[in-house]
Amino acid sequence: MSLTVEGAMRQDYRGRDRDRGWDRWQKMWWIVSIPKPGSMPPSAAGLDGSAPSIEQAARALVVTARSYLRQQQREPSTRSVWGHIDGMTITIEGLLDPAIPERQVVEQIISVANVIPAPAISTPDSETRRRPQQSLTSCDLDTQLARIQNWTLTRLGRDVFIAGADPDPTTVEPGGSVNLPADLITLFGRSDGNLPSLMPGYDLLNRSRSDQIQALWLDIGADQRERIPEFAAAFDPAALSTERAGTACELFLPEFIPIADGDGTTLFVDTREGELSGCVSEYTAEGASDGWLWPSVADTFGALADSLEAESVFMTYYRPVVRDRTLFWNREPRS
């Protein structure tokens with residue numbers, strides 16, 4: 001069994017946390033998600049905590065995860081898991097395998113953490129932060145999806161959307177309370193077997209996969225609130241659900257409907273009440289949404305269609321490139 005730890009660029013939320021007084025009890029936050037075998041829909045246990053340093057956070061992550069596995073009497077697994085330390089996303093293979101010494105896993109995590117530069121501390125502001133370019137064309141979703149379909153047929157030689165084989169996308173799942181907006185019904189009806197990486201860093205979801213991702217985030221949030229009294233006291237899901245759509249949110253709510261997902265980050269539609277109901281936002285594994293990115297699903301795919309057709313930047317930093325009839329996204333340097 002080999003051990004692999006992959007790193008991604010850190011995203012810094014410490015300035016925001018200090019503004020909210022979290023530094024009283026949180027130093028360097030870590031979190032790891034342990035899949036629950038055989039659960040339907042798939043779910044995970046979210047384990048987290050804080051430590052004064054990267055080294056101590058890495059050790060706490062590994063020791064806590066291994067202790068949890070022993071308590072659950074889990075069989076060794078080769079399955080990879082994702083974790084986060086100090087805003088750094090990591091994918092770990094071998095954490096669920098007791099044959100790999102804890103010290104080895106810890107040292108590998110520390111090694112990756114030390115080569116990924118931390119950004120300057122900043123405080124995101126959902127009203128003033130830089131937002132993705134909006135579409136300047138019609139905001140009808142069918143039109144935008146047709147533009148993308150025509151582009152992929154011409155440039156890639158294949159369909160990008162396949163009619164959904166899922167159950168009726170208008171069906172509300174047992175225990176669910178959210179009726180889907182019309183644009184989501186349209187999208188889920190055409191998003192089975194779609195092109196991987198149509199968006200940079202994300203794969204589009206069909207309705208079944210959307211329900212699974214939603215259940216996963218809700219389980220992680222409920223687990224955090226159960227184990228961390230300070231977190232539960234600070235963030236009440238019932239109160240957050242009454243805030244207006246598009247506002248920043250520290251918890252994933254039942255009103256958030258995932259439409260795309262990639263390595264611990266989810267694009268979702270915010271169906272809370274308000275002028276921006278139906279807007280598209282991003283939720284990260286650090287456990288936060290900083291507010292809306294696009295005002296609607298149609299605007300999201302309109303901006304994507306604009307980018308593909310004009311080979312212009314999408315989501316602030318990504319430019320589409322086609323090589324050998326395959327779509328790639330090149331990250332542009334920050335200005």
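All heavy atoms count here, side chains included; hydrogens, waters and symmetry mates do not.
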Trainee: Are R225 and F235 in a cation-pi contact, defined as NZ or CZ under 6.0 Å from the six-membered ring centre and within 45° of the axis?
Mentor: no
Trainee: Could you label the plane-to-plane angle of the F252 and Y283 rings as parallel, tilted or perpendicular, counting under 30° as parallel and over 60° as perpendicular?
Mentor: perpendicular
Trainee: Output the distance between atom OG1 (T152) and atom CZ (R325), rounded to the nearest 0.5 Å.
Mentor: 10.5 Å
Trainee: Atom CG of L198 and atom CG of L156: how far apart are they, to the nearest 0.5 Å?
Mentor: 9.0 Å
Trainee: When you measure from the side chain of T186 to the backbone of A182, do you find a donor-acceptor pair of N or O atoms at a distance under 3.5 Å?
Mentor: yes
Trainee: Check whether more than 12 heavy atoms from other residues, nucleotides or ligands sit under 6.0 Å from atom CD of E102, and answer yes or no.
Mentor: yes
Trainee: Side chain to side chain contact (heavy atoms under 4.5 Å, CB included), that's the test. Do D203 and D261 meet it? Break it down for me.
Mentor: CA-CA 6 Å; D203 288 330; D261 186 75; over 6 Å; no
Trainee: Show the nearest heavy-atom pair for residues A305 and I148, with the distance to one decimal.
Mentor: CB-CG1, 3.8 Å
Trainee: Check the hydrophobic clustering (I, L, V, M, F, W, Y; side-chain heavy atoms under 4.5 Å; chains of links allowed) and say if I100 and Y68 are grouped together.
Mentor: yes
Trainee: With the side chain counted from C-beta on, respond yes when V269 and F256 share a heavy-atom pair under 4.5 Å apart, and no when they do not.
Mentor: no
Trainee: Are any side-chain N or O atoms of S241 and backbone N or O atoms of P237, one a donor and one an acceptor, separated by less than 3.5 Å?
Mentor: yes
Trainee: Counting distance only, does the side-chain N/O of T64 pair as donor-acceptor with the main-chain N or O of L61 below 3.5 Å?
Mentor: no
Trainee: Does a side-chain heavy-atom distance below 4.5 Å link D142 with R190?
Mentor: yes
Trainee: Salt bridge check: are E55 and R59 linked by an N-O gap of less than 4.0 Å?
Mentor: no
Trainee: Looking at A303, is its backbone amide N or carbonyl O close enough to the side chain of S307 to form a donor-acceptor pair, meaning the two atoms are under 3.5 Å apart?
Mentor: no
Trainee: For the residue pair F268 and S289, what are the closest heavy atoms and their distance?
Mentor: CZ-OG, 3.7 Å
Trainee: Go through the steps for L276 and T247 under the test side chain to side chain contact (heavy atoms under 4.5 Å, CB included), then give the verdict.
Mentor: CA-CA 9 Å; L276 282 170; T247 57; over 6 Å; no
Trainee: Out of R207, R209, Q214, which residue meets the side-chain hydrogen bond (donor to acceptor under 3.5 Å, both in side chains) rule with D211?
Mentor: R207
Trainee: Can you check whether S296's main-chain N or O pairs, donor with acceptor, with T300's side chain at less than 3.5 Å?
Mentor: yes
Trainee: So which heavy atom on R319 is nearest to which on E332, and how close?
Mentor: NH2-OE1, 3.3 Å
Trainee: Drop me the distance from L184's CG to T271's OG1, to the nearest 0.5 angstrom.
Mentor: 8.5 Å
Trainee: Please report the shortest heavy-atom distance between L308 and P320, naming the atom on each side.
Mentor: CD2-CB, 4.0 Å
Trainee: Side-chain contact test, heavy atoms from C-beta onward, threshold under 4.5 Å: evaluate it for T284 versus E282 and give yes or no.
Mentor: yes
Trainee: I'd like to know if E309 pairs up with R147 as an ion pair, taking the criterion as any Lys NZ or Arg NE/NH1/NH2 lying under 4.0 Å from an Asp or Glu carboxylate oxygen.
Mentor: yes
Trainee: If you look at every heavy atom in C249 and L253, which pair is closest and at what distance?
Mentor: SG-CD1, 3.7 Å
Trainee: Would you say M315 and V322 are hydrophobically clustered, going by side-chain heavy atoms of ILVMFWY under 4.5 Å?
Mentor: yes
Trainee: Distance from S208 atom OG to I213 atom CD1, nearest 0.5 Å?
Mentor: 12.0 Å
Trainee: Measuring centre to centre across the rings, with the benzene-like ring taken for any Trp, is F314 within less than 6.0 Å of W294?
Mentor: yes
Trainee: Rounded to the nearest 0.5 Å, what separates atom CG in D97 from atom CD in E75?
Mentor: 11.5 Å
Trainee: Do R331 and Y318 have side-chain atoms, one donor and one acceptor, less than 3.5 Å apart?
Mentor: yes
Trainee: Side chains of V321 and L327: closer than 4.5 Å at any heavy-atom pair?
Mentor: no
Trainee: Does the R272 side chain pair with the main chain of L240, one donor and one acceptor, at a distance under 3.5 Å?
Mentor: yes
Trainee: Any heavy-atom pair between the side chains of W292 and D270 that's under 4.5 Å?
Mentor: no
Trainee: Using modelled atom types and a 3.5 Å cut-off, is there a donor and acceptor pairing between side-chain atoms of T154 and backbone atoms of N150?
Mentor: yes
Trainee: Please find the pair of heavy atoms, one from I259 and one from F188, that lie closest to each other, and give the distance.
Mentor: CG2-CZ, 4.5 Å
Trainee: Heavy atoms, side chains only, cut-off 4.5 Å: are L267 and M199 in contact?
Mentor: yes
Trainee: I'd like to check F301 versus L204 (side-chain heavy atoms, cut-off strictly below 4.5 Å). Are they in contact?
Mentor: yes
Trainee: Is the shortest heavy-atom distance from the side chain of L96 to the side chain of R66 under 4.5 Å?
Mentor: no
Trainee: Once you round to the nearest 0.5 Å, how far does CG of D236 lie from CG of L251?
Mentor: 8.5 Å
